[in-house]
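We use all heavy atoms of the structure for the numbers below, so side chains are in, but hydrogens, waters and symmetry mates are not. Letters go in sequence order (proteins before strands), and every chain restarts at 1. From a predicted model like this one, the values you see are computed outputs, not experimental measurements.
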2 protein chains.
Amino acid sequence: MISSVWTREQRPRAGLSQDRIVAAAVELLDADGLEALSMRTLAARMDTKATSLYRHVANKDELIELVVDEAYGEMEVPAEGPWRTSVADAARSLRAVVLRHPWVASVLGQVGLAELGPNLSDRSARLLALFVGAGFPDDEADLAMKTMLGYVVGMTVSEAAYVQLLARSGQSEDELVVRGVTSKALRDKTFEYGLERVLAGLGEGRS
Amino acid sequence: MISSVWTREQRPRAGLSQDRIVAAAVELLDADGLEALSMRTLAARMDTKATSLYRHVANKDELIELVVDEAYGEMEVPAEGPWRTSVADAARSLRAVVLRHPWVASVLGQVGLAELGPNLSDRSARLLALFVGAGFPDDEADLAMKTMLGYVVGMTVSEAAYVQLLARSGQSEDELVVRGVTSKALRDKTFEYGLERVLAGLGEGRS
DNA sequence: GCGTCATGCGAACACTGTACGCAGATCGCG
DNA sequence: CGCGATCTGCGTACAGTGTTCGCATGACGC
């Protein structure tokens, strides 16, 4: 087919690119959850066809790794300040990211913190620096960080799974709360309690 | 086709049942991981056809819930003893279960601790009793338990994801350790450090 | 012995991830 | 400008997925 001037610039196209694909995938995931993500539906959103995506992304698995790391990019780690509040803020930020993108929880067991993309490894480094700055000896700082991350991840994964279940059930959160299910406010309190206790425990053993 | 005496009792059949299906699924999952589980392959192992399974299990999703709860059945919660050692033992037991069945981690974000089957809800109750027995006021016991579970789940999910990645990579663990990757012994130490710190933090705030 | 009900299963459907090869666009170089 | 090479989108196709429906065959109660 000849591309007349009319059809040419019709769709500015802007061209597919890994970044644009990842961005569109995040959007789709936020809207419809993990199981709604297929190469074909994603392609449809960007109005292309599935096979075109493979020029910029090797796998669906690779795409998911990219998308997860993209989410970690939203995590904020304070650069300075008293260590307990800085670490607590970082923890809250991580929790916020996962609750904002609950599908992250769905793939954590598969992608894990194992394959670390640039964003996650950057955040880990900054977090580690907080502990070192707090006076933890180098090797213990690593252990302390992992302890704190373990708590936040575990707590938040469960919470995200729960929130997604709520969403699927179609009922509003308020309705369910009446039936004895935990509310957002209560989950916040729960998280804060545990976070404080964990940090207290870590503080006890420092340098 | 007539069923002669020969073909009749050839396969004692024993009949399909939900329990047998769940057991076979656990076996398959332990051997080949989550993504190797399809209704057809599972059926083939029990030599039946996929559609027969649906007489005893509503969904693949339901099957997975059942299988996960089955795994939780292996978790041991001590009934008595000083609270810190009892709770620590329960935590270690939970970690052991997940490491023995790493696919549990793969579905935690989807099934979560949200849909609790009989085994999980039983273990939660027993665990809660430990905290209550330790002198935590009733409402705080729940928070403390969730804190501890959060830590164990988060830590262990990451570890299981990592172990599965190792398995897929085909290389032996020893080879990778040389290249600076954490060894089993080190992961044990890490877990124990965090567990101790978390329990210390919880103890600080009790009754 | 007969009707009822539970069970296994063959066929089919809509959908998935992805390999392959062709076409058209784009770009570097003469 | 022109031409070859390389890049990009995509149509087609394949093997595999979860699941539904309807038929047949077996077991069981009366």
Within the side chain of [X], is there an N or O that forms a donor-acceptor pair under 3.5 Å with the backbone of [Y]?
X: Arg20(B); Y: Gly15(B); result: yes
X: Arg126(B); Y: Pro78(B); result: no
X: Thr147(A); Y: Leu202(A); result: no

What integer distance in Å separates [X]:[atom1] from [N]:[atom2]?
X: Leu53(A); N: dA19(C); atom1: CG; atom2: P; answer: 13 Å
X: Gln18(B); N: dT7(C); atom1: CD; atom2: C1'; answer: 15 Å
X: Glu35(B); N: dT18(C); atom1: CD; atom2: P; answer: 11 Å
X: Lys49(B); N: dC21(D); atom1: NZ; atom2: C1'; answer: 18 Å
X: Ile21(B); N: dC9(C); atom1: CD1; atom2: C1'; answer: 14 Å
X: Leu37(A); N: dT18(C); atom1: CG; atom2: C1'; answer: 15 Å
X: Glu62(A); N: dG17(C); atom1: CD; atom2: P; answer: 15 Å
X: Asp47(B); N: dT7(C); atom1: CG; atom2: C1'; answer: 16 Å

In residues 25-32 of chain A, what donor-acceptor pairs under 3.5 Å come from side-chain atoms, sequence neighbours left out?
from, atom 1, to, atom 2, distance (Å)
Asp30(A), OD1, His101(A), ND1, 2.7
Asp30(A), OD1, Trp103(A), NE1, 2.7
Asp30(A), OD2, His101(A), ND1, 3.1

Between Phe131(B) and Phe136(B), ring centroids under 6.0 Å: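 Judged by ring-centre distance (under 6.0 Å), Phe131(B) and Phe136(B) do meet the cut-off.
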
Per the atom types in the model, does the base of dG17(C) pair as donor or acceptor with the side chain of Arg40(A) at under 3.5 Å?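 A donor-acceptor contact between them is present.
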
Within the structure shown, what part of the strands sits under 4.0 Å from [X] by heavy-atom distance: base, sugar-phosphate, or nothing?
X: Ser38(B); answer: sugar-phosphate
X: Thr51(A); answer: base
X: Leu63(B); answer: nothing

Name every residue in residues 26-33 of chain B that has at least one heavy atom under 4.0 Å from any atom of DNA chain C, in order of residue number, or write none if there are no such residues.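 Residues of residues 26-33 of chain B that come under 4.0 Å of DNA chain C do not exist, since none gets that close.
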
Between [X] and [N], is there a contact of a side-chain N or O with OP1 or OP2 at under 4.0 Å?
X: Ser52(A); N: dC10(D); value: yes
X: His56(A); N: dC7(D); value: no
X: Thr48(B); N: dG8(C); value: no
X: Lys60(B); N: dG18(D); value: yes

Would you kindly say whether Ser86(B) and Glu80(B) are connected by a side-chain donor-acceptor distance under 3.5 Å?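 Absent: no donor and acceptor within the cut-off.
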
When you match Asn59(B) and Arg55(B) each to their closest nucleotide on DNA chain D, which lands nearer the 5' end?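 In this pair, the answer is Asn59(B).
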
Let's see if you can work this out: which of dG9(D), dT17(D), dT18(C) has an atom nearest to the side-chain heavy atoms of Met39(A)?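 From the listed options, dT18(C) comes nearest.
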
For residues 51-60 of chain A, run the donor-acceptor check on the side chains, cut-off 3.5 Å, and write out each pair with its distance to 0.1 Å, sequence neighbours left out.
from, atom 1, to, atom 2, distance (Å)
Ser52(A), OG, Lys49(A), O, 3.4
His56(A), NE2, Leu16(A), O, 3.4
Lys60(A), NZ, Leu37(A), O, 2.8

Pi-cation contact, Phe191(B) with Arg95(B) (under 6.0 Å, within 45°):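 That pair qualifies as a cation-pi contact.
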
